[in-house]
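One structure coming up, written as structure tokens, with questions to follow.
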Amino acid sequence: MLNWRNRNDTREVYKNTAAQVWCQLDGQQIFKNLKIADLLRADTFIEFDRHAVKWLISELLAGHLGEVINHMTLPAIAEKRGKMYFSPEYQLAYSMTVDAHNVLLPRENRDIDQFDDLIKAYITKDYLVDTAYRRYINALDQLPPTQVDLFDDLSRNVESAYNNEHLVPMISDWCQDYVPNMIKPQRRERNFYSSTVRPNKDRTVVIISDAFRFEAAKELQQRLDERDVFGTEMQYAVTGLPSVTYFGMPSLLPNHELSYQGNKELLVDGQKAINLEQRMHILQTIEPKSQATRLTDFLSLSSTEQKKYVADQKVIYFYHNTVDATGDKPASEVKVFRAVEDAIAELERGIDRLRTISIRNIYVTADHGFIYRRHLLDSTDKINLPSDVEFEHKNLRYAIGSTDFDEIGVDNIKLGDVLGNNDQRFVFYPSNANVFSVPGAGQNYVHGGCSPQEMIIPVLHVTTESRKSRASYATLAVTDSSRRITSHEVIVNMVQNDPVDETHRAATYALYFVDGNGRQISGEQLVHADITSINVNDRLIRRHIPLIDQDFERGGHYQLIIKNVDANTSTPIDYQMDLTVGGGFDFDI
């Protein structure tokens, strides 16, 4: 059965047969009283996975967010189930229960009265809730139709918890303590070039990804850290207000003076910085050996053309726009979380390509972040601005005008305090997670306002090495001192030699026995060598490998094959046959 299940050419046959057997046996009736602890260990039928997911969801809805079974939490159980036989069909569902758990965890009660402490809390821990919500919604959009109904109640709870327990209190705290001058000068977006780019003696590449918020950059960092040809360090910057592209992009350029001219135009030392050519001119005014282009255009060049483009350059700005291009359009804003996933992958590929042409010093940042919520906003989520006040510009999360006013739920800051000049106009913004009531179709994807999600941008420093990766696959070693086959079900004890880290990659191994002629005489057992623990006891593995019913040569030469499925390489381990029966399973001792 194990051989039938695990062989690539018979897996589908097994799945179809298992479905027929379930129906013929009336599995729903037979297993209706199966204890949950036993069900969670079983994967003979795909229906067990549906029941496991339903149980995980019911536990989350009941608020059981700690240890539930055998000192295991719900995420630990979901991750274990996610490695079992039918996991490909339910992988998204299991990951959603993990992400839902992270969103539903109660927010810690913290007595924070310093703005720096709010920033520290967000960049060290709070951002993870935004990540979990993004992953949950993105997976929900990709669920098979047969599984969507399982998550209806949980999705409502996740939406409510994310908005009411995470966004609302966090944004309220942020707006209450936000004062532009309280931000350290080197962490202000308008000082990015002077504090981050200019001090570099080596050639510096800056990738500015529109609306690539901090939590997404942390995921990119995690991916890069898994490879030993990259070194990373994450810092941050805080945007001004409004947190929008036409303020953020100019602020990331070298500047001595920023001035807002109205009509969505921020001047850099008196110069326009709207398009690519204008931004490159500003760069070259400060550093003549500078270039600026779109990342996609650069990556479309041949390797020779790319090397020629960067040759003799000191500073290169690459512009990337996947997230904002999707979220800012009402017709596509629902896909913005998928766009974040795409952006992470595109930036990883781009950085890897830059590495191959000997770019060693790379910074990834953004002009602003964003907030996205799936639920439709209603009148209680919207703030009406005074009709008797004139505004130069109004948007969902900010407004610009010259006349101050008092309105519940609305704060303001002088534009001059944001830009470091004497501009007396005001930027108005909701002091909570609400939006202003303005015309327009798109209202779920927003930015421009005052929140950590919109204003904290990543400054991810990536250093690269041109050498080939030294990372090798994590390996397995048999720990049994006796290498004898004494039963038709052979127990093999192993250890994963090293934890998965930047120098050891995860691998999948197939274990089976062969005779002296290389013919397979057993079923296969799969082992996922993906354990990250440094404790060797956590990396101990045991597998039961059943032999095929046939005659064996006692004292004969047999081998255990440990096959790396990913690398298509095999390691043979010698065993001696010492069965006391001549063959078969009729116990004819």
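Residue numbers run from 1 in the order of the sequence given. Treat the numbers as computed from the prediction; the structure is a model and nothing was measured.
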Taking only Lys NZ, Arg NE, NH1 and NH2, and the carboxylate oxygens of Asp or Glu, determine whether Glu465 and Arg355 approach each other closer than 4.0 Å. no
Measuring only between side-chain heavy atoms, which start at C-beta, is Tyr127 closer than 4.5 Å to Arg213? no
Charged N-O contact under 4.0 Å between Asp130 and Arg134: no
Going by atom types alone, do Lys272 and Gln261 pair a side-chain donor with an acceptor below 3.5 Å?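 Checked: Lys272/Gln261 side chains show no N/O donor-acceptor pair below 3.5 Å.
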Indicate whether the side chain of Asp126 and that of His166 have a donor and an acceptor atom separated by less than 3.5 Å. no
Does some side-chain heavy atom of Ile413 sit less than 4.5 Å from a side-chain heavy atom of Tyr429?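 Touching, per the 4.5 Å side-chain cut-off.
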Phe151 vs Val158 side-chain heavy atoms within contact, under 4.5 Å: no
Assess the side chains of Asn361 and Asn200: does a donor N or O sit below 3.5 Å from an acceptor N or O?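 There is such a pair (donor and acceptor under 3.5 Å, judged by atom type) between the side chains of Asn361 and Asn200.
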Within the 4.5 Å heavy-atom criterion, are Leu385 and Lys394 side-chain neighbours or not? yes
Without hydrogens or angle criteria, can the side chains of His461 and Glu233 be said to hold a donor-acceptor pair below 3.5 Å? no
Within the 3.5 Å criterion, strictly below it, is a donor on Thr232 or Asp225 matched to an acceptor on the partner's side chain?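 A pair is found: one side chain offers a donor N or O, the other an acceptor, under 3.5 Å apart.
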Got a donor-acceptor contact below 3.5 angstrom from the Arg203 side chain to the Val310 backbone? yes
Electrostatic pair Lys414-Asp417, nearest N-O below 4.0 angstrom: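 No.
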Any chance the side chains of Tyr445 and Asp324 put a donor and an acceptor closer than 3.5 Å?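 On atom types as modelled, these side chains qualify, holding a pair under 3.5 Å.
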Under a 4.0 Å N-O cut-off, is there an ion pair linking Lys329 with Glu333? no
Scan side-chain atoms only and decide if Glu346 and Thr322 contain a donor-acceptor pair under the 3.5 Å cut-off.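 Result is yes, a qualifying pair exists.
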Any salt bridge linking Glu392 with Arg425? Criterion: basic side-chain nitrogen under 4.0 Å from a carboxylate oxygen.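 Looking at Glu392 and Arg425, the cut-off is met.
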Of Leu252, Leu253, Val364, Ile457, which meets side chain to side chain contact (heavy atoms under 4.5 Å, CB included) against Ile208?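 Per the side chain to side chain contact (heavy atoms under 4.5 Å, CB included) rule, the option paired with Ile208 is Leu252, out of Leu252, Leu253, Val364, Ile457.
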Validation row: Phe426, Ile400 side chains within 4.5 angstrom (heavy atoms):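 With C-beta onward as the side chain, the pair stays apart.
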Side chain Asp367, main chain Ala211, donor-acceptor under 3.5 Å: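 Such a contact is found between Asp367 side chain and Ala211 backbone.
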Between Asn412 and Val427, is there a side-chain heavy-atom distance shorter than 4.5 Å?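 No. Closest side-chain heavy atoms not under 4.5 Å.
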Arg279 charged N/C atom sitting above Tyr317 aromatic ring, 6.0 Å / 45°: no
Taking all heavy atoms of Glu407 and all of Pro386, pick out the closest pair and write down the distance.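 Answer, listing the atom of Glu407 first, then Pro386: OE1-CG, 4.0 Å.
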Under 3.5 Å, is there a donor-acceptor pair between the His281 and Gln271 side chains?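 Distance-only check passes for His281 and Gln271.
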With a 4.5 Å limit on heavy-atom distance, are the side chains of Leu347 and Ser209 in contact?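 Leu347 vs Ser209: side chains touch.
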